[in-house]
Student: 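Just dropping this structure here.
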Amino acid sequence: MTVDVLYFAWLRERIGQPSERVETEAATVRELVAELAARDAWHAAAFADMTAVRCAVDQELADLDAPLAGAREVAFFPPMTGG
Amino acid sequence: MTVDVLYFAWLRERIGQPSERVETEAATVRELVAELAARDAWHAAAFADMTAVRCAVDQELADLDAPLAGAREVAFFPPMTGG
Amino acid sequence: MVARVQAAPFDLAAELAGFGAGAGAQVTFTGIVRDDSGRMAALEIEHYPGMTEAALTAHGLEAARRFGLIDWRIVHRHGRLEVGAQIMMVATAARHRRAAFEAADYLMDWLKSRAPFWKREIGHDGSAHWVEAKASDEAALDRW
Amino acid sequence: MVARVQAAPFDLAAELAGFGAGAGAQVTFTGIVRDDSGRMAALEIEHYPGMTEAALTAHGLEAARRFGLIDWRIVHRHGRLEVGAQIMMVATAARHRRAAFEAADYLMDWLKSRAPFWKREIGHDGSAHWVEAKASDEAALDRW
């Protein structure tokens with residue numbers, strides 16, 4: 001399936017782009033992260049410490065074990081600091 | 001000693017005046033209340049239920065056993081309902 | 001660091017102009033005349049001139065010490081206030097949100113049960129009766 | 001019942017015009033850019049367009065149900081905000097003060113740790129670093 005992957009804050013900076021379109025058969029967010037981290041050193045650095053990474057699937061907060069079936073947009077970002 | 005006694009809210013209405021100047025030898029607020037309540041039916045009605053009466057001595061909240069020595073102004077009123 | 005008692009309406013925006021410079025968090029509370037019964041036309045608020053502003057000021061200063069406020073403001077109206085009118089406001093400013101929230105909450109609990117104001121409900125039919133203090137308002141202050 | 005994300009400043013008085021008709025209690029919280037180190041010139045706030053307003057709206061509605069709010073409003077800015085500038089505001093209106101206070105406090109705890117905003121501190125020297133989330137902000141949400 002085709003998924004738009006979005007990056008925010010320092011993940012965006014580390015990876016060097018705000019988004020990319022990926023072809024994946026990953027069943028969960030965790031499997032998608034493994035695929036992305038294997039791409040290059042920048043992706044690997046961004047996903048090196050997953051305790052510092054949060055995720056949203058189709059704009060809803062999700063955890064690493066969330067299923068990806070049917071997802072169109074997956075976003076990765078650091079813990080939020082609004083307000 | 002001479003004390004200005006002030007009444008607020010329904011105590012003022014029951015007693016029929018906002019303040020009066022009294023001569024008293026009362027040592028505490030409680031003794032002053034006893035003297036005032038003995039004056040007439042209106043005062044007696046105002047002080048009939050002391051659980052519903054609050055007091056300030058020289059503009060500081062005080063309880064019935066507060067001493068009156070040196071006091072110039074004593075106020076009686078119902079529980080406060082500001083805000 | 002201002003406490004005022006006045007008959008006139010207040011303007012929240014004007015009260016906050018220049019308020020709390022250097023703060024990271026500002027909280028305001030505004031109390032409004034509410035008609036629960038459908039029969040009320042207005043509130044009449046009586047206070048204890050002389051005692052009121054001094055008590056509000058002393059208590060604002062105490063809250064500032066206790067919660068480390070950078071600034072605070074209390075404005076309370078008296079006289080006749082129609083349904084929908086503002087009754088009073090509290091504003092607090094602190095470095096962090098927790099202190100600003102707690103100080104405003106505390107000041108309100110104090111105002112409700114220890115500040116010398118009394119409210120009378122005026123009905124559309126001209127009736128008037130004094131609002132009784134709520135045990136819950138007295139109890140609220142025990143939280144602090 | 002409005003949530004907005006915008007670069008422009010907001011005017012608290014304008015936001016409160018007509019807000020919360022019928023309420024007895026209004027609470028506002030305003031967050032302001034604070035320089036703790038003496039070296040900060042501004043904050044830069046990034047957000048997740050598309051997700052942000054939807055998440056704010058969904059959460060405002062949830063708070064309204066949970067606390068019985070008559071009205072609520074959330075405005076959050078993004079982009080570069082100088083020290084002293086407003087970052088965001090929350091306003092809540094309810095019949096009684098407890099609900100208005102608690103809902104505002106709850107919405108702030110949620111915004112701090114669950115709304116998709118990220119802050120970067122910009123120094124006078126042009127340096128930039130991302131503000132790390134505080135464990136205390138995550139923990140604050142557990143109170144509810």
Side-chain angles (χ1 to χ4, degrees), chain A residues 1-22 28-29 32-33 36 41-83, chain D residues 3-5 29-34 43-59 62 74-78 81 86-90 104-121 128-141:
Chain A
M1 64 182 171
T2 306
V3 177
D4 285 320
V5 180
L6 277 56
Y7 304 108
F8 293 97
W10 58 254
L11 277 107
R12 174 176 50 69
E13 294 179 330
R14 259 181 223 184
I15 286 168
Q17 56 190 0
S19 67
E20 57 191 323
R21 182 158 290 182
V22 303
T28 63
V29 174
L32 176 62
V33 168
L36 293 167
W42 295 278
H43 284 80
F47 292 113
D49 175 10
M50 287 305 291
T51 65
V53 176
R54 300 289 179 272
C55 172
V57 175
D58 288 336
Q59 306 191 353
E60 296 274 351
L61 294 178
D63 62 32
L64 288 175
D65 295 315
L68 278 190
R72 294 186 303 178
E73 181 175 302
V74 179
F76 294 101
F77 40 78
M80 293 146 279
T81 55
Chain D
R4 288 202 323 273
V5 180
F29 178 91
T30 307
I32 298 145
V33 181
R34 193 185 67 235
L43 278 183
E44 256 177 32
I45 299 186
E46 181 172 336
H47 75 116
Y48 184 167
M51 178 173 170
T52 320
E53 296 206 13
L56 297 184
T57 300
H59 211 69
E62 198 235 300
I74 302 171
V75 181
H76 203 304
R77 298 177 67 190
H78 65 87
L81 306 177
Q86 305 158 319
I87 304 171
M88 48 73 59
M89 61 155 282
V90 159
D105 197 3
Y106 170 71
L107 282 171
M108 285 309 305
D109 280 349
W110 177 82
L111 274 164
K112 285 272 175 186
S113 61
R114 292 287 185 277
F117 292 98
W118 301 276
K119 288 177 185 163
R120 185 156 61 163
E121 291 184 2
H129 77 269
W130 293 99
V131 176
E132 282 195 46
K134 294 194 209 108
S136 59
D137 283 337
E138 289 267 337
L141 203 57

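In what follows, chains are A, B, ... by sequence order, proteins preceding strands, each numbered from 1. Here the structure is a predicted model, which is why all the values come from computation and not from measurement.
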Student: Taking distance alone, no hydrogens or angles, what donor-acceptor pairs closer than 3.5 Å link side-chain atoms of residues 62-72 of chain A to residues at least two apart or in another chain?
Tutor:
| unit_1 | atom_1 | unit_2 | atom_2 | d |
| --- | --- | --- | --- | --- |
| A/Asp63 | OD1 | A/Asp65 | N | 3.1 |
| A/Asp63 | OD1 | A/Ala66 | N | 3.3 |
| A/Asp65 | OD1 | A/Arg30 | NE | 3.1 |
| A/Asp65 | OD1 | A/Arg30 | NH2 | 3.2 |
| A/Asp65 | OD2 | A/Arg30 | NH2 | 3.3 |

Student: Does A/Arg14 make a cation-pi contact with A/Trp42 (under 6.0 Å, within 45 degrees of the axis)?
Tutor: no
Student: Under 4.5 Å from any heavy atom of chain D, what part of A/Ala56 do you find: side chain, backbone, both or neither?
Tutor: side chain
Student: Quick one: does A/Arg54's side chain have a donor or acceptor within less than 3.5 Å of a partner on A/Thr51's backbone?
Tutor: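 Yes.
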Student: Sort D/Arg77 into side chain, backbone, both or neither according to what part of it lies under 4.5 angstrom from a heavy atom of chain A.
Tutor: neither
Student: Under 4.5 Å from any heavy atom of chain A, what part of D/Ala55 do you find: side chain, backbone, both or neither?
Tutor: neither
Student: Chain A heavy atoms under 4.5 Å from D/His129: which part of the residue, side chain, backbone, both or neither?
Tutor: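 Neither; nothing under 4.5 Å.
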Student: If the threshold is 4.0 Å, N to carboxylate O, is there a salt bridge linking D/Lys112 and D/Glu138?
Tutor: no
Student: Measuring heavy-atom distances to chain A, does D/Met88 have an atom under 4.5 Å in its side chain, in its backbone, in both, or in neither?
Tutor: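 It is the side chain, since no backbone atom gets that close.
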Student: Looking at D/Phe117 versus D/Tyr48, is the centre-to-centre ring distance below 6.0 Å?
Tutor: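 They do not qualify: ring centres at least 6.0 Å apart.
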Student: Let's test your reading of the structure: which of D/Gly31, D/Ala115, D/Ala54, D/Ala58 forms the most heavy-atom pairs below 4.5 Å with chain A?
Tutor: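 The residue among D/Gly31, D/Ala115, D/Ala54, D/Ala58 with the greatest pair count is D/Ala115.
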Student: Is D/Ile45 close to chain A through its backbone or its side chain, or both, or neither, when contacts mean heavy atoms under 4.5 Å?
Tutor: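 For D/Ile45, neither part sits under 4.5 Å from chain A.
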Student: Any side-chain to backbone donor/acceptor pair from D/His47 onto D/Trp118? Under 3.5 Å, distance only.
Tutor: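 It does not hold such a pair.
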